Amino acid sequence: MAKEQKFWLVKTEPESFSIQDLAKEPKQTACWSGVRNYQARNFMRDEMQLGDRVLVYHSSTEEPAVVGTAAVVRESYADDTAWNKKDHHYDAASTPDNPRWFMVDIKLEQIFESPLPLAKLRGVPALKHMELLRKGSRLSVQPVRKSEFEAILKLAGAN
DNA sequence: GCCAACGTTGGC
DNA sequence: GCCAACGTTGGC
C-alpha cells in the first residue's frame, strides 16, 4: 500500500517555464529539471512520490503567485540537463555514471481561474507558517502541509 | 572547521 | 534596479 500522499510547492519563473507552458506539453507533463540546490534536490530525490500533489508558483515576476496545481507522475531520476554543456544548468560535477542532480515528472492538474498572489496569501491565517511566506525563503522545492494545500485550493475556489 | 567573499534568489 | 537573505566556495 502506498504511503500517504504528500504536498509540495515548486517555484518557476514564468519567463522561462510557466504553468501555461506546462499545459502545452505532451500529456501536460514535464520533467522538473534544472533544480541545483541540495535541499530542493533531496526533497525530489528522496521524498516525492507518485500521486503527491504540487502547488505551482510563479516567482520573479510582476505579481508572484500560486497559479495552479500538478501531480507527481514519475518519481526521481537523474537530471540529464546537468551533463549537457549547452544547458544553462550544466554542471561538470554531475555525470551519467554519478549523477548529482535529480528531477521528477509532474502533470498539470489545474490552472487557477485567478492566481493567488503572494501578497494575498500573506494575509491568510491558515498559511501563517507556510515556508513560501517565510522571510528570505528561497527553496524552490518545498514541502507544504495538507492544511495549507487545502486552504489554498479553497481560496482558489477549486477542489 | 571557520568564515569572508562571492554568487544567486526573488520580493519589492 | 536595489538589496536582504541565503547558499556555496575556498583560503587559512
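In what follows, chains are A, B, ... by sequence order, proteins preceding strands, each numbered from 1. Please read all numbers here as calculations on a predicted model, not as lab measurements.
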Q) Centres of the A:Y38 and A:W101 rings: under 6.0 Å? A) yes
Q | Straight-line distance of A:I111 CD1 to A:Q28 CD, nearest 0.5 Å | A | 7.5 Å
Q) Distance check: side-chain N/O of A:K11 vs OP1/OP2 of B:dT9, anything under 4.0 Å? A) no
Q. Taking only N and O in the side chain of A:Y57, is any of them less than 4.0 Å away from OP1 or OP2 of B:dT9?
A. no
Q. Between A:I152, A:I19, A:L155, which is the residue that forms a side chain to side chain contact (heavy atoms under 4.5 Å, CB included) with A:F112?
A. A:I152
Atom-pair distance ([atom1] on [X]; [atom2] on [N]), nearest Å:
| X | N | atom1 | atom2 | result |
| --- | --- | --- | --- | --- |
| A:H58 | B:dG10 | NE2 | C1' | 15 Å |
| A:R134 | B:dT9 | CZ | P | 17 Å |
| A:D91 | C:dT8 | CG | P | 12 Å |
| A:L133 | B:dC12 | CG | C1' | 15 Å |
| A:R41 | C:dG7 | CZ | P | 15 Å |
| A:N37 | C:dC6 | CG | P | 13 Å |
| A:R138 | C:dC6 | CZ | P | 8 Å |
| A:Q39 | C:dC6 | CD | P | 12 Å |

Q: Give A:R36 one of three labels, base, sugar-phosphate or nothing, depending on what nucleic acid heavy atoms sit under 4.0 Å from its own.
A: nothing
Q: Please work out which of the three classes, parallel, tilted or perpendicular, describes the rings of A:F149 and A:F7, given edges at 30° and 60°.
A: tilted
